[in-house]
Amino acid sequence: MPHRRPLIGLSTYLETSARWGVWDLPAALLPAGYPRLVRAAGGVAAMLPPDAPEVAAELVARLDGLVIAGGPDVQPARYGAQPDPRCGPPARERDAWELALIEAALAAGTPLLGICRGMQLLNVALGGTLVQHLDGHTGGVGVFGEHPVEPVPGTRYAAIAPGPTGVPTYHHQCVGRLGHGLVASAHAADGTIEAVELPGDEWVLGVQWHPEAGQDERVMAALVLAAS
């Protein structure tokens, strides 16, 4: 039989208005870089639009790996904070759905990768907090920046990327207090936590940058390998 490629679920944005052709309608969507990166890493991508949180475990049981994608700010109430004036509008339905996906993946031991917002939501799911605003981690409105990240020796991320790596970055929030069990596995030059992971046998990693916006396939390839 031909080799079965791992099925990797990708959480999606939920937008009240999206335009294509003659249409302007509510849509669940995802930048094409995400499925491109999954395919390049040897997986099959499946988009996961927001659904009822109670079906998350059933869905995750059908996946070999899960990616929680980037997107809007996590609602501060999720980590017991009042919103900073610079915090973006809440995405309550997406927060609830993706938290349920993360909890289901952790419970099932499904390999899990959080990207940008996905890393932040992983931290919140495990009881951590977020810094609601910082400067210098974008290239301007709608433009990715780039800066190096330094791996922490001995971590899973350091095994994937042993040296400093320039990464595409676009965020104004970051991890504050680490969630239960998480360790920092990469930092920016200003000390910002750029990757987190759960030590041990289960494959759980979050990165603050956007690998889908670049050409470095190593993080996604490691997820796909873990899901194989």
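Values in this document were obtained by computation on a predicted structure and should not be read as measured data.
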Which donor-acceptor pairs under 3.5 Å do side chains of residues 69-80 form with protein atoms, sequence neighbours excluded?
unit_1 : atom_1 : unit_2 : atom_2 : d
D73    : OD1    : H172   : NE2    : 3.2
D73    : OD2    : G88    : N      : 2.6
D73    : OD2    : H172   : NE2    : 2.9

Can you give me the closest heavy-atom contact between [X] and [Y], atom names plus distance?
{"X": "A186", "Y": "V152", "result": "N-CG2, 3.9 Å"}
{"X": "P151", "Y": "G163", "result": "CD-O, 3.5 Å"}
{"X": "A27", "Y": "W20", "result": "CB-CZ3, 4.3 Å"}
{"X": "L66", "Y": "A105", "result": "CD2-CB, 3.8 Å"}
{"X": "A46", "Y": "L7", "result": "CB-CD1, 3.9 Å"}
{"X": "G166", "Y": "E146", "result": "CA-OE2, 4.0 Å"}

Test your reading of the model: is there a side-chain donor-acceptor pair from [X] to the backbone of [Y], 3.5 Å cut-off?
{"X": "R156", "Y": "P199", "value": "no"}
{"X": "N123", "Y": "R177", "value": "yes"}
{"X": "Q120", "Y": "Q173", "value": "yes"}

ILVMFWY clustering at 4.5 Å (side-chain atoms), partners of L225: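 In the cluster with L225 there is nothing else; it is isolated.
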
Side-chain hydrophobic cluster, 4.5 Å single linkage: members besides V149: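 Besides V149, the cluster holds I8, L10, Y13, L29, L30, Y34, L37, V38, M47, V67, L113, I115, Y157, I160, V167, W203, L205, V207, W209, V219, M220, L223, V224.
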
Less than 4.5 Å apart, side chain to side chain, heavy atoms only: is that true for [X] and [Y]?
{"X": "V124", "Y": "T129", "value": "no"}
{"X": "V183", "Y": "L198", "value": "no"}
{"X": "M119", "Y": "E194", "value": "no"}
{"X": "D51", "Y": "L59", "value": "no"}
{"X": "S228", "Y": "R5", "value": "no"}
{"X": "Q208", "Y": "V196", "value": "no"}
{"X": "P90", "Y": "D95", "value": "no"}
{"X": "E150", "Y": "P164", "value": "yes"}

Calculate, to the nearest 0.5 Å, the distance between atoms [atom1] and [atom2] belonging to [X] and [Y] respectively.
{"X": "T169", "Y": "H147", "atom1": "OG1", "atom2": "NE2", "result": "3.5 Å"}
{"X": "L14", "Y": "E98", "atom1": "CG", "atom2": "CD", "result": "10.0 Å"}
{"X": "S11", "Y": "I102", "atom1": "OG", "atom2": "CD1", "result": "8.0 Å"}
{"X": "C116", "Y": "L121", "atom1": "SG", "atom2": "CG", "result": "11.5 Å"}
{"X": "L101", "Y": "R94", "atom1": "CG", "atom2": "CZ", "result": "10.5 Å"}
{"X": "C174", "Y": "H133", "atom1": "SG", "atom2": "NE2", "result": "10.5 Å"}

Does the distance from a Lys or Arg side-chain N to an Asp or Glu carboxylate O, for R4 and D64, drop under 4.0 Å?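 Looking at R4 and D64, the cut-off is met.
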
Aromatic centroids of H210 and Y170 separated by under 6.0 Å: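 Ring centroids of Y170 and H210 are no less than 6.0 Å from each other.
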
Give a yes-or-no answer on whether the side chains of H137 and D190 include a donor-acceptor pair shorter than 3.5 Å.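 Present: a donor and an acceptor within the cut-off.
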
Any donor-acceptor pair under 3.5 Å linking the side-chain atoms of R218 with those of T165?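 Per modelled atom types, T165 and R218 side chains form a pair under 3.5 Å.
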
Is it the case that more than 12 heavy atoms not belonging to W23 sit under 6.0 Å from its CH2 atom?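 It does not: W23 CH2 has 12 such atoms or fewer within range.
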
Can you hop from V141 to V143 via hydrophobic side chains spaced under 4.5 Å?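 No, because V141 and V143 fall into different hydrophobic clusters, even though each may have its own neighbours under 4.5 Å.
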
I'd like to know if L126 and L112 are part of one continuous hydrophobic network [Ile/Leu/Val/Met/Phe/Trp/Tyr, side-chain heavy atoms within less than 4.5 Å].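 Linked within one cluster.
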
Can R117 and I68 be said to form a side-chain contact (heavy atoms from CB on, under 4.5 Å), step by step? CA-CA 8 Å; R117 164 190 160 88; I68 303 297; 5.5 Å; no

